[in-house]
Amino acid sequence: MTGSERLLENPASGAGKHAWFSHDRLGMFIHWGLYALGARHEWLKNREELGDDHYQRYFDNFDPDLYDPREWARRARLAGMKYVVVTTKHHEGFCLWDSKVTDYKAPNTPCGRDLLTPFVEAFRAEGLKVGFYYSLLDWHHPDFPIDVHHPLRNHPQAEALNAGRNVANYAAYMREQVRELLTGFGRIDIIWFDFSYPGREYRGLPGKGRADWESEKLLELVRDLQPEIIVNNRLDLPPGKLPDITTPEQYTPRVAPAIASQGVLWEACHTFSGSWGYHRDEDSWKSPEQIIQLLIDSVALGGNLLMNVGPTGRGTFDARAIEALEVYQKWIEVNGRSIYGAGPSELPVPAGCRYTQRGNRLYLHVYNWPYRHIHIEGLADRIAYAQFLHDASEVRWLSHTRDVDSNIGVMVPEGMITLELPVRRPDVTVPVIEIVLKA
């Protein structure tokens, strides 16, 4: 099969090379770069319109002396993550590996070494698949034209500064870096490009899309170097050339995403707080319920969740991130089989709940704990057994009967069953009831 033919593949079935992705459901995103020293959002160079001279202070002081990727990988595994995607280069242009086509890289900082190789080795050793994030933007490269997202967008000489910039040179630079990433680190399971904005003109400065990135040429290179790799949807590919996965960011879709009414593999990406990079003073960290429900909501619609951690400038996960990961760890240990290999159910779900399903096992995730009963449509005469997943304790149910005292009895309509629950919610962030369906 040629590279051009591979561009036309439809991955929506989740079969073949995508089977692991549909099964594993939960991954770790890691945003790490020079912005960790600023500690006030990964877009700080853009937000504060900082020039290269000002931003150089982070390069000159980048020395993550406590960096231990084995510890990162261990925590990811314990939290139930099955794959990882790391920012090899974010919008700031700084590279974690020893790229041969730039000096703006970790080995040239006080750190003095390639940070990506030990990362890949550590996560593989813990059994996780490895993905690389690569930004299509680059606020440091001299050939990247100033645009709406560039820190110099409001510079009085922005148009004149653009005169000597050649985006074709930058596109060639990206291809060389992607070649390094996909030939120097063994098999890579995902490449996560970010992002395109062709319609976003600002003060006469055009946005960027497939023509600027030379996206088809870039994707052809990716497919030729790593035929089994999964590629996301942010290259602004022309119609008819479907991405492998679609990536809604910082929201949970109401319905499963589709392209031209055709179902696609998808992965929601979220942060534990409001920032992707390490943000010392950010204070909108999600509750344990929100953290778990983001995962369930994604799987219930047939998608994955890529949950982000932003390490500190010294190379550690801060205490808030560790606490959040431990929420996943505690819940996944007892409820993992409602997630791994599971997907959506066609059955109507009770209010305040979510379903996932794996074969004849139906998993009822109870968000809003009721008083004693949950009434379920579509399961009359179909249940073989029911139990709480966290401790395998039996959950009994009532079926329809005609003779019920309406004052003190639970009336179950025809075609429904009613689960009988304890008055107090079990000590689980989101309790799960496993319902075994008759063959």
Practice item. Supply the atom-to-atom distance Asp103 CG to Cys95 SG, rounded to the nearest 0.5 angstrom. Key: 10.5 Å

Check your understanding: Should Lys82 and Asp24 count as an ion pair when the cut-off is N to O under 4.0 Å?
Key -> no

Review point. With side chains defined as the heavy atoms from C-beta onward, is the minimum distance between Trp331 and Pro288 less than 4.5 Å?
Key: no

Review point. From Thr88 OG1 over to Leu115 CG, what is the distance, rounded to the nearest 0.5 angstrom?
Key: 12.0 Å

Point to revise | Of all pairs that satisfy salt bridge (charged side-chain N to carboxylate O under 4.0 Å, His left out), the ones with a partner from residues 276-299, not counting sequence neighbours | key: Asp297-Arg354

Check your understanding: With a 4.0 Å cut-off, would you call Arg203 and Glu159 a salt bridge?
Key -> no

Check your understanding: Would Glu326 and Lys330 pass as an ion pair if we require N to O under 4.0 Å?
Key -> no

Practice item. May I ask you to decide if the ring planes of Tyr104 and His140 are parallel, tilted or perpendicular, using 30° and 60° as cut-offs? Key: parallel

Review point. Would you call Pro248 and Thr246 a side-chain contact if the rule is heavy atoms closer than 4.5 Å?
Key: yes

Review point. So, do Trp369 and Pro431 sit near enough that their side-chain heavy atoms are less than 4.5 Å apart?
Key: yes

Practice item. For Glu434, enumerate each residue passing the side-chain contact (heavy atoms from CB on, under 4.5 Å) test, keeping only those at least two apart in sequence or located in another chain. Key: Arg337, Arg361, Tyr363, Gln387, Leu389

Exercise for review: State, to 0.1 Å, how close Gln226 and Leu182 come at their nearest heavy-atom pair, and which atoms those are.
Suggested key: NE2-O, 3.0 Å

Review point. At their closest point, which heavy atom of Gly80 faces which heavy atom of Tyr340, and how far apart are they?
Key: O-OH, 2.7 Å

Review point. So, Tyr58 versus Phe94, ring centres under 6.0 angstrom or not?
Key: no

Review point. Are Glu201 and Asp147 close enough that some pair of their side-chain heavy atoms sits under 4.5 Å apart?
Key: no

**Study point:** Residue pair Arg40, Tyr35: steps toward the side-chain contact (heavy atoms from CB on, under 4.5 Å) verdict
**Key:** CA-CA 8 Å; Arg40 55 186 187 276; Tyr35 43 80; over 6 Å; no

Check your understanding: Which atom pair, heavy atoms only, marks the closest approach of Ser298 to Leu305?
Key -> OG-CB, 4.2 Å

Check your understanding: Looking at Val264 and Pro257, what are the two nearest heavy atoms and their distance?
Key -> CG2-O, 3.5 Å

Review point. Parallel under 30°, tilted from 30 to 60°, perpendicular over 60°: which one fits the rings of Tyr83 and Phe21?
Key: tilted

Exercise for review: Please report the shortest heavy-atom distance between Asp318 and Trp285, naming the atom on each side.
Suggested key: OD1-CH2, 4.1 Å

Review point. Any Lys/Arg nitrogen of Asp244 or Arg223 sitting under 4.0 Å from an Asp/Glu carboxylate oxygen of the other?
Key: yes

Practice item. Taking only Lys NZ, Arg NE, NH1 and NH2, and the carboxylate oxygens of Asp or Glu, determine whether Arg175 and Glu214 approach each other closer than 4.0 Å. Key: yes

Revision key, fill the gap. Residues 105-134 vs salt bridge (charged side-chain N to carboxylate O under 4.0 Å, His left out), sequence neighbours excluded, gives Arg77-Glu126, Asp98-Lys105

Point to revise | Heavy-atom check, side chain of Leu421 versus side chain of Pro370, under 4.5 Å | key: yes

Check your understanding: Nearest heavy-atom pair of Trp20 and Ile230: which atoms, and what distance?
Key -> CZ2-CD1, 3.7 Å

Check your understanding: Are Tyr133 and His90 close enough that their ring centres sit under 6.0 Å apart?
Key -> yes

Review point. Can you tell me how far the CD1 atom of Ile296 sits from the CD1 atom of Ile339, to the nearest 0.5 Å?
Key: 5.5 Å

Point to revise | Inter-residue atom distance Leu419.CG - Leu364.CG, 0.5 Å rounding | key: 6.5 Å

Exercise for review: Mind checking the CD1-OG1 spacing from Ile30 to Thr87? Nearest 0.5 Å is all I need.
Suggested key: 8.0 Å

Exercise for review: Give the C-alpha distance, both sets of side-chain angles, the deciding distance and a yes or no for side-chain hydrogen bond (donor to acceptor under 3.5 Å, both in side chains) between Ser196 and Arg210.
Suggested key: CA-CA 7 Å; Ser196 300; Arg210 69 180 75 116; over 6 Å; no

Review point. Strictly under 6.0 Å, is that where the ring centroids of Phe62 and Trp32 end up?
Key: yes

**Study point:** Check: Asp194 and Leu137 side chains under 4.5 Å, non-hydrogen atoms
**Key:** no

Revision key, fill the gap. In Gln250, Glu249, His279, His31, the residue satisfying side chain to side chain donor-acceptor pair (under 3.5 Å) with Thr271 is Gln250

Check your understanding: Looking only at side chains, do Ser99 and Gln177 share a donor and an acceptor under 3.5 Å apart?
Key -> yes

**Study point:** Side chains of Phe388 and Val428 in contact at under 4.5 Å (non-hydrogen atoms)
**Key:** no

Exercise for review: Determine whether Leu295 and Tyr328 make a side-chain contact, defined as any pair of heavy atoms from C-beta on separated by less than 4.5 Å.
Suggested key: yes

Exercise for review: Please step through side-chain contact (heavy atoms from CB on, under 4.5 Å) for the pair Leu136 and Lys208, ending with a clear verdict.
Suggested key: CA-CA 9 Å; Leu136 301 169; Lys208 292 184 177 65; over 6 Å; no

Review point. When you check the gap from the basic side-chain N to the acidic O, do Glu216 and Lys241 get nearer than 4.0 Å?
Key: yes

**Study point:** For Phe132, the option from Phe29, Trp97, Phe185 that meets ring-ring contact (aromatic ring centres under 6.0 Å, His included)
**Key:** Phe185

Point to revise | Ser338-His365 side chain donor-acceptor pair, cut-off 3.5 Å | key: yes

Review point. Only one of Tyr134, Phe195, Phe144, Tyr55 clears ring-ring contact (aromatic ring centres under 6.0 Å, His included) with His91; which?
Key: Phe195

**Study point:** Nearest-0.5 Å distance that lies between atom CG in Leu34 and atom OG1 in Thr109
**Key:** 7.5 Å

Review point. Does the ring center of His149 lie less than 6.0 Å from the ring center of Trp139?
Key: no

Exercise for review: In plain terms, say whether Arg187 and Asp189 are close enough for a salt bridge, that is, a side-chain N and a carboxylate O under 4.0 Å apart.
Suggested key: yes

